[in-house]
**Student:** 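Encoded as structure tokens, here's the structure I'll be asking about.
Just so it is clear: chains get the letters A, B, ... in the order the sequence lines come, proteins before strands, and each one is counted from 1.
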2 protein chains.
Amino acid sequence: MGQQSSGELKYVSMLHRKTQIFLNERTKALGVSGAKVPFIFIACECGKLPQYQFCSMLDISKGTVAKMLAGLEKEGYITRSISAQDGRSMDVFPTQKALDLYPRLVEIGCRCTDKMTEGLTEEEREQFFRLLKKTALTMSRFVEAEQD
Amino acid sequence: MGQQSSGELKYVSMLHRKTQIFLNERTKALGVSGAKVPFIFIACECGKLPQYQFCSMLDISKGTVAKMLAGLEKEGYITRSISAQDGRSMDVFPTQKALDLYPRLVEIGCRCTDKMTEGLTEEEREQFFRLLKKTALTMSRFVEAEQD
DNA sequence: GTAAAATAGTTTCTAATGAAACTATTTTCG
DNA sequence: CGAAAATAGTTTCATTAGAAACTATTTTAC
């Protein structure tokens, strides 16, 4: 059982790291890092969104979100302004630069998931993404609950 | 399809990050970080192993392996010596400290995979780990092949 | 209405990681 | 044999990430 458990966990991080490398290689030529892609996706798909929503949508700490969005703002992919309703909150908007880039990033994302599930049947692919989502959300909720 | 592809990829990194947080919280009291656990597992399970084998077994870059093993050596979990057969190669050995810790780390690893797959049927659990391994290895081989 | 609590964001510190350049050995091959 | 290539490891640099301490606003409760 020891081998079993160590063996299973290592594939979680392996999949993550190799996916990041795949994305980085392909987005580098476009001038963005792979890690910024999900932020650009959300900004483009939502049009206007308070910053704290990035935390919950990506389940990433507010410190990391602050740093990533500050970087994206400096690089011209988003703009931010203090919310009219709540002086603590920042509204995030995509720039034209981000909107122009968006379809190409979507294409790269698709190529990544296609490569990942290459060799699986359509049924296995759906099953995999369904279970991946379920396990990720289980862990996420558990970790959050612990911090109370 | 855009929503689809961005949505799927984000769970890969979410599962990874939450898993690391889970492990870190539990191994912290034992004096090791979650990221070092796989290295200790391999050292304990193999007894004696050249350093470069850690790279292929974990699919981690040799730079990272060098740094992690240097840390583990300093902290007293492993010892290293130059191979008698090949002056470039380092043989890695677990210390008693690592061997004593090992069963507790295995226990924590099991609790993590149990938590992750909580709510899945036994069949889903097996399916998930099978597909996780398969996708991780697909990405790993592809990324390696590109670097030639 | 004000003090306390909650919330949104930033900053600092630290860890894990890969890329790439580097050193030192060993292997290959002409 | 000796030069070139391959291999094992280290080091430096940059990126991504969370924890925790911090500031500034808003909400809650008395």
Side-chain angles (χ1 to χ4, degrees), chain A residues 10 12-14 16-25 27-28 31-39 49-56 58-75 80-92 140 143-144 146-148, chain B residues 10 12-25 27-28 32-39 49-56 58-75 80-92 140 143-144 146-148:
Chain A
K10 100 180 175 190
V12 173
S13 86
M14 196 189 296
H16 172 255
R17 285 181 293 104
K18 300 300 172 178
T19 296
Q20 287 310 307
I21 293 172
F22 182 104
L23 293 175
N24 271 322
E25 280 169 356
T27 57
K28 193 179 175 183
V32 277
S33 63
K36 297 216 170 88
V37 171
F39 291 87
L49 198 70
Q51 177 164 331
Y52 64 83
Q53 289 279 344
F54 284 78
C55 299
S56 52
L58 295 170
D59 237 305
I60 288 179
S61 69
K62 60 184 182 175
T64 297
V65 167
K67 283 171 281 187
M68 295 299 274
L69 290 182
L72 286 167
E73 190 174 38
K74 207 168 77 178
E75 293 156 12
R80 288 190 291 177
S81 59
I82 295 172
S83 162
Q85 287 78 46
D86 187 335
R88 296 167 298 183
S89 179
M90 299 286 278
D91 285 330
V92 178
S140 173
V143 166
E144 259 170 55
E146 280 186 315
Q147 284 160 359
D148 298 337
Chain B
K10 100 180 174 191
V12 174
S13 87
M14 196 191 294
L15 182 60
H16 172 255
R17 285 180 294 104
K18 300 302 172 179
T19 297
Q20 288 309 306
I21 292 172
F22 182 104
L23 292 176
N24 270 321
E25 279 168 356
T27 57
K28 193 179 175 181
V32 276
S33 63
K36 295 217 171 86
V37 171
F39 291 87
L49 199 69
Q51 178 164 330
Y52 64 83
Q53 289 278 342
F54 283 78
C55 299
S56 52
L58 295 171
D59 237 305
I60 288 179
S61 70
K62 62 186 181 173
T64 298
V65 168
K67 282 170 281 189
M68 295 299 274
L69 290 182
L72 285 168
E73 189 173 37
K74 206 166 78 178
E75 293 156 12
R80 288 190 291 177
S81 59
I82 296 173
S83 161
Q85 288 79 45
D86 186 336
R88 296 166 298 183
S89 178
M90 299 285 279
D91 285 329
V92 178
S140 173
V143 167
E144 260 171 55
E146 281 187 312
Q147 284 159 1
D148 297 340

**Student:** Got a sec, which residues hit side-chain hydrogen bond (donor to acceptor under 3.5 Å, both in side chains) with B:S140, two or more places apart in sequence or on another chain?
**Tutor:** B:D59
**Student:** Excluding sequence neighbours, so at least two apart, what forms side-chain hydrogen bond (donor to acceptor under 3.5 Å, both in side chains) with B:D86?
**Tutor:** B:R88
**Student:** Do the non-hydrogen side-chain atoms of A:E73 and A:L69 ever get within less than 4.5 Å of each other?
**Tutor:**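 No. Closest side-chain heavy atoms not under 4.5 Å.
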**Student:** Not counting sequence neighbours, which residues clear side-chain hydrogen bond (donor to acceptor under 3.5 Å, both in side chains) with A:D91? List them please.
**Tutor:** none
**Student:** Which residues pass the side-chain contact (heavy atoms from CB on, under 4.5 Å) test with B:V12, not counting sequence neighbours?
**Tutor:**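 So B:V12 forms a side-chain contact (heavy atoms from CB on, under 4.5 Å) with A:L15, A:H16, A:T19, A:M116, A:L132.
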**Student:** Check each residue of residues 59-69 of chain A for a non-hydrogen atom within less than 4.0 Å of any atom in DNA chain D, then write out the ones that pass by number, or none.
**Tutor:** A:I60, A:S61, A:T64, A:K67, A:M68
**Student:** Could you pull out all donor-acceptor pairs under 3.5 Å where a side-chain atom in residues 49-56 of chain A meets a protein atom, sequence neighbours excluded?
**Tutor:**
unit_1	atom_1	unit_2	atom_2	d
A:Q51	OE1	A:R80	NH1	2.8
A:S56	OG	A:Q53	O	3.2

**Student:** How close or far is atom P of C:dT11 from atom CD of A:Q51, stated in whole angstroms?
**Tutor:**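 Between P of C:dT11 and CD of A:Q51: 11 Å.
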**Student:** Does OP1 or OP2 of D:dA17 have a side-chain N or O of A:R17 closer than 4.0 Å?
**Tutor:**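 No, outside the criterion.
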**Student:** Give me, pair by pair, the N or O atoms of the protein and of nucleotides 23-26 of chain C that are less than 3.5 Å apart, along with how far apart they are.
**Tutor:**
unit_1	atom_1	unit_2	atom_2	d
C:dT26	OP1	B:G87	N	2.7
C:dT26	O4'	B:R88	NE	3.4

**Student:** Are any of B:S83's side-chain N or O atoms less than 4.0 Å away from OP1 or OP2 of D:dA8?
**Tutor:** no
**Student:** Who are the side-chain hydrogen bond (donor to acceptor under 3.5 Å, both in side chains) partners of B:S89, not counting sequence neighbours?
**Tutor:** none
